[in-house]
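Below: one structure, written as structure tokens.
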Number of protein chains: 2
Amino acid sequence: MDKQIYDRGSAMETTTLSQEIRQLHADICSALADPTRILILYSLAESPSSVNELVTHLETSQPTISRHLKILRERGLVSANRQGQMVTYSLTDVRIIDALDTLRAVLRDSLARRANLVNS
Amino acid sequence: MDKQIYDRGSAMETTTLSQEIRQLHADICSALADPTRILILYSLAESPSSVNELVTHLETSQPTISRHLKILRERGLVSANRQGQMVTYSLTDVRIIDALDTLRAVLRDSLARRANLVNS
DNA sequence: TGGATATATATGGATAAGCAGATATATGAT
DNA sequence: ATCATATATCTGCTTATCCATATATATCCA
């Protein structure tokens with residue numbers, strides 16, 4: 001499955017920055033543009049899980065979780081592994097969490113800066 | 001200006017992970033969910049620029065650039081500085097570029113992995 | 001003040017992305 | 001084969017996002 005997504009990028013031979021950024025957006029950044037998907041990534045970073053475990057843990061409907069997992073899977077951010085009836089999902093690359101944690105630090109400092117501006 | 005955005009987060013005292021992630025998405029990740037905005041951030045990381053310089057450099061209309069700059073400014077990712085008629089924008093926190101570069105590395109490896117799967 | 005330049009915003013319309021609810025597929029057990 | 005469980009997908013519908021065009025504001029200079 002997902003065979004059609006493999007012949008998209010063609011190994012970026014003569015890639016300008018603009019082209020690479022557009023692919024970064026299309027493949028990864030747009031996948032991070034939803035809070036449920038970010039929560040899924042953090043949850044899978046703690047431990048690989050079945051769909052139902054994510055449904056329970058994130059208190060979100062099963063179709064919604066599956067739809068988000070499909071997006072993350074198509075973009076290579078998570079990997080699926082069927083074991084009997086269950087499908088276990090796991091994070092493909094922990095550096096996604098590194099990047100998100102960096103952004104959380106940016107956010108913390110940004111909020112602190114704003115708070116200082118208010119109190120001055 | 002932009003006064004209303006300062007009283008949004010209230011210093012996240014009793015913040016659950018879910019709440020923090022939702023704010024991360026609302027403030028930062030959703031701002032990264034557009035290729036033009038990512039290009040603006042990379043451009044400003046190289047050198048602070050006026051709106052018109054960005055318009056020329058990114059070959060995008062002035063209203064579009066201004067609209068994207070407003071979003072980035074409201075979320076604290078860029079800082080504006082008026083000097084006469086011109087407004088010079090600059091990156092607020094270089095770690096955004098660090099995070100984006102990490103995601104680019106993730107993308108590169110993901111594409112390489114897919115290429116290997118195709119050729120096997 | 002009036003004009004020129006730089007930047008910001010408002011409006012309308014197209015496209016995309018989200019969810020809920022229903023349904024389909026896949027696997028395992030009896 | 002039939003049923004139960006787990007997961008995936010489809011169908012409307014609503015909302016959000018983006019752009020182009022037009023217009024407004026801000027600053028400088030004459």
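Reckoned from all heavy atoms, side chains included, excluding hydrogens, waters and symmetry mates. Just so we're on the same page: letters track the sequence lines, and every chain starts at 1.
Here B:Tyr89 does not reach the OP1 or OP2 of C:dA6: none of its side-chain N or O atoms lies under 4.0 Å away.
Between the side chains of A:Ser30 and A:Arg75, at least one donor N or O lies within less than 3.5 Å of an accepting N or O.
Surrounding CD of B:Glu46 are at most 12 heavy atoms belonging to other residues, nucleotides or ligands under 6.0 Å away.
Looking at heavy atoms from C-beta onward, B:Ser90 lies out of side-chain contact with B:Asn81 at the 4.5 angstrom threshold.
Atom C1' of nucleotide C:dA6 and atom CG of B:Asn81 are separated by 15 Å, given to the nearest angstrom. Between A:Glu74 atom CD and D:dA8 atom C1' the separation is 12 Å, expressed in whole Å. The separation between B:His25 atom NE2 and C:dA17 atom P is 12 Å, rounded to whole Å. Spacing between atom CE of A:Met86 and atom C1' of D:dT5 amounts to 11 Å, rounded to whole angstrom units. One interatomic measurement links the two molecules: CG of A:Leu72 to P of C:dA17, which rounds to 14 Å at whole-angstrom precision.
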(request) Go along nucleotides 17-30 of chain D 5' to 3' and tag each nucleotide: B for a protein heavy atom under 4.0 Å from its base, S when only backbone or sugar atoms are that close, - otherwise. (result) -SBSBB----BS--
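Judged by distance alone, with hydrogens and angles left aside, the side-chain atoms of A:Ser43 form no donor-acceptor pair with the main-chain N or O of A:Leu39 at under 3.5 Å. Side-chain N or O atoms of A:Arg108 include none that pairs as donor or acceptor with a backbone N or O of A:Leu111 at under 3.5 Å. Judged by distance alone, the side chain of B:Arg95 and the main-chain N or O of A:Thr102 form no donor-acceptor pair under 3.5 Å.
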(request) Quick one: do B:Asp93 and A:Ser110 satisfy side chain to side chain contact (heavy atoms under 4.5 Å, CB included)? Show the steps, please. (result) CA-CA 9 Å; B:Asp93 191 328; A:Ser110 176; over 6 Å; no
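Residues B:Arg113 and A:Gly76 come closest through the heavy atom pair NH2-O, 4.5 Å.
Contacts between residues 42-52 of chain A and DNA chain D, defined by a heavy-atom separation under 4.0 Å, are made by A:Ser50, A:Val51, A:Asn52.
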